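For the numbers below, each heavy atom of this structure counts, side chains included, while hydrogens, waters and symmetry mates do not. Bear in mind that the values here come from a model prediction, so they are computed numbers and not experimental data. Throughout, a chain's letter reflects where its sequence line sits, starting with A, and its residues are numbered from 1.
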Number of protein chains: 2
Amino acid sequence: MAGHVAVVNMPVVSPSAKRYHHGNLRAALIDAGVERAREGGPEAVVLREVSRLAGVSHNAAYRHFADRDALLQAVCDRCMSELARLMEAGIAEVDPDERSVQAARLRLRATGMAYVEFALSEPGWFRTAFAVPPGLGYLDGEEGVGAGGHGPLELLGEQLDGLLDAAALPAERRAGAELAAWSAVHGFAMLVLEGPLRSLPDEERDAALTRLLDTVERGL
Amino acid sequence: MAGHVAVVNMPVVSPSAKRYHHGNLRAALIDAGVERAREGGPEAVVLREVSRLAGVSHNAAYRHFADRDALLQAVCDRCMSELARLMEAGIAEVDPDERSVQAARLRLRATGMAYVEFALSEPGWFRTAFAVPPGLGYLDGEEGVGAGGHGPLELLGEQLDGLLDAAALPAERRAGAELAAWSAVHGFAMLVLEGPLRSLPDEERDAALTRLLDTVERGL
DNA sequence: CTAGCGATGTTGCTGCCATCAACTTATGTA
DNA sequence: TACATAAGTTGATGGCAGCAACATCGCTAG
């Protein structure tokens with residue numbers, strides 16, 4: 001996503017040529033929104049500023065998005081996808097063919113670590129990913145998915161299934177396990193990022209994360 | 001806090017008499033801010049609107065607060081205090097003299113339940129409590145405390161100490177237990193309130209909360 | 001080949017907000 | 001009792017979201 005440039009549906013003309021019709025404005029606006037969100041989070045996704053970045057006048061955006069929230073929604077999706085990709089990458093670091101309890105546990109742990117690492121390394125994107133405008137329900141389907149076509153929740157579920165298969169998770173506890181694990185890492189990220197623990201020293205923060213993941217592993 | 005009316009430092013004159021000097025504007029502004037936050041969360045704490053509610057012109061607020069963020073900060077504190085009070089109330093429902101493992105566990109559970117109940121019953125206040133403006137670190141000291149003078153983090157810590165005393169928590173796991181437990185309930189509240197799980201049916205939500213608290217209890 | 005229509009951008013409003021500066025009124029104190 | 005100062009007010013500026021009316025372009029039917 002970093003340095004992302006829309007490649008699909010590129011304008012037929014040279015991008016430098018200043019034309020009345022942009023040719024690919026919708027994608028350009030989302031790109032610009034993602035860029036701003038990276039620095040300043042969801043509140044930095046400002047229609048006028050984003051339009052300026054896209055080299056177009058304010059109001060042009062209204063041809064492609066009903067209002068600011070619609071643009072923000074699209075930007076949120078992209079941020080969520082980025083999170084999914086990072087989680088996929090973390091999971092993939094454990095040999096996919098390995099079926100041991102150990103491997104299943106490592107994968108779950110990697111999932112949680114990737115989640116928090118994303119929050120800490122890209123706070124703007126992380127906050128944006130969860131800043132879906134009120135009223136709009138998360139569709140949980142096609143949007144916000146990683147390269148494998150699965151969203152964060154599905155990725156987490158797959159790791160829990162892996163734990164189940166490896167007999168490291170009692171079957172009667174499988175239900176609802178997603179939400180328990182997810183809540184833990186999400187809350188940690190929020191508290192540390194913009195909550196009361198925002199000024200916790202890095203060292204203590206990392207120790208607390210390890211402690212947290214241990215707790216989840218024991219408790220699930 | 002509901003229907004809260006500032007009693008300390010009330011103006012010496014009848015409140016209905018329209019005077020040039022309000023007499024107690026600072027408190028009135030905070031009250032109005034809390035009222036708006038209840039409905040619309042932190043973004044509803046708007047200087048002009050709050051001033052209107054206090055029956056004073058915009059800009060009057062600048063005699064009492066450096067800027068909007070300073071007012072918001074004060075409102076956040078009040079919301080956090082309200083959370084602390086609800087947690088205290090939940091904890092107090094278990095006989096304070098009872099020292100059993102059972103009682104200690106119930107108290108921890110009540111703490112978490114109160115936390116989530118506050119988030120669900122007063123979403124505006126909950127979101128505001130954690131919306132301390134960036135740059136301002138949480139002081140974690142005098143602010144945001146309940147009737148007993150303790151903040152949410154301290155209240156949680158006390159319950160964990162209780163678990164320790166009752167030998168329901170190994171001493172080597174006491175460190176960092178606050179953050180683990182807190183993260184879980186906080187993440188749950190966020191995900192359910194404004195996150196991807198915002199449209200989860202009440203029934204499933206309650207079941208998930210039970211499952212979550214079980215997990216924490218086992219894992220700590 | 002070309003007229004014109006619809007899609008895409010632009011200019012110029014309105015109304016809301018935060019904040020600054022300059023002015024006014026009340027209060028308490030010397 | 002005068003006046004310094006705290007507390008409120010009026011009236012700017014500049015930014016943002018969104019509406020309306022106008023301008024330009026590109027494609028397609030005839």
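At a threshold of 4.0 Å, the pair B:D202-B:R205 counts as salt-bridged, since one of the basic side-chain nitrogens sits closer than that to a carboxylate oxygen. At a threshold of 4.0 Å, the pair B:R107-B:E158 does not count as salt-bridged, since none of the basic side-chain nitrogens sits closer than that to a carboxylate oxygen. Using a 4.0 Å cut-off between charged side-chain N and carboxylate O, A:D161 and A:R174 make a salt bridge. Of the charged side-chain nitrogens involved, none lies within less than 4.0 Å of a carboxylate oxygen, so that A:E35 and A:R38 do not count as a salt-bridged pair.
Between the P atom of C:dT19 and the CG atom of B:L71 lies a distance of 10 Å, rounded to the nearest Å. The separation between A:L25 atom CG and C:dT10 atom C1' is 13 Å, rounded to whole Å. Atom P of nucleotide C:dT8 and atom CG of A:N24 are separated by 12 Å, given to the nearest angstrom. The CZ atom of B:R36 sits 14 Å away from the C1' atom of C:dC16 (whole-angstrom rounding). Rounded to an integer number of Å, the gap from CZ of A:R26 to P of C:dA7 is 16 Å. One atom, CD of B:E49, and another, P of C:dA18, lie 10 Å apart when rounded to the nearest Å.
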Between the protein and nucleotides 20-22 of chain C, which nitrogen or oxygen pairs are less than 3.5 angstrom apart?
residue: C:dC20; atom: N4; partner: B:N59; partner atom: OD1; Å: 2.9
residue: C:dC20; atom: N4; partner: B:N59; partner atom: ND2; Å: 2.2
residue: C:dA21; atom: N6; partner: B:N59; partner atom: ND2; Å: 3.2

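Contacts between residues 39-47 of chain A and DNA chain D, defined by a heavy-atom separation below 4.0 Å, involve A:V46, A:L47, listed by number.
Considering only the side chain of A:R68, D:dA17 comes nearest among D:dG8, C:dT10, D:dA17. Closest contact between the side chain of A:V56 and the listed nucleotides D:dC16, C:dT19, C:dG9 involves C:dG9.
A heavy-atom distance below 4.5 Å is not found between the side chains of B:L86 and B:E122.
By the 30° and 60° cut-offs, the orientation of the rings of A:F126 relative to A:F130 is tilted.
Taking the nucleotide of DNA chain C with the nearest heavy atom to each of A:R48 and A:S57, the more 5' of the two is matched to A:S57.
Listed pair A:H64 / C:dA7 fails the phosphate criterion, with no side-chain N or O lying under 4.0 Å from OP1 or OP2. Close to D:dC16, at under 4.0 Å from its OP1 or OP2, lies a side-chain N or O of A:R52.
For B:A44, the side chain to side chain contact (heavy atoms under 4.5 Å, CB included) criterion is met by B:R36, not counting sequence neighbours.
Within a 6.0 Å sphere centred on CD of B:E43, heavy atoms belonging to other residues, nucleotides or ligands number more than 12.
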- How far apart are the C-alpha atoms of B:E82 and B:R85, what are their side-chain angles, what is the distance that settles it, and do they pass the salt bridge (charged side-chain N to carboxylate O under 4.0 Å, His left out) test? CA-CA 5 Å; B:E82 184 60 16; B:R85 272 191 287 274; 3.1 Å; yes
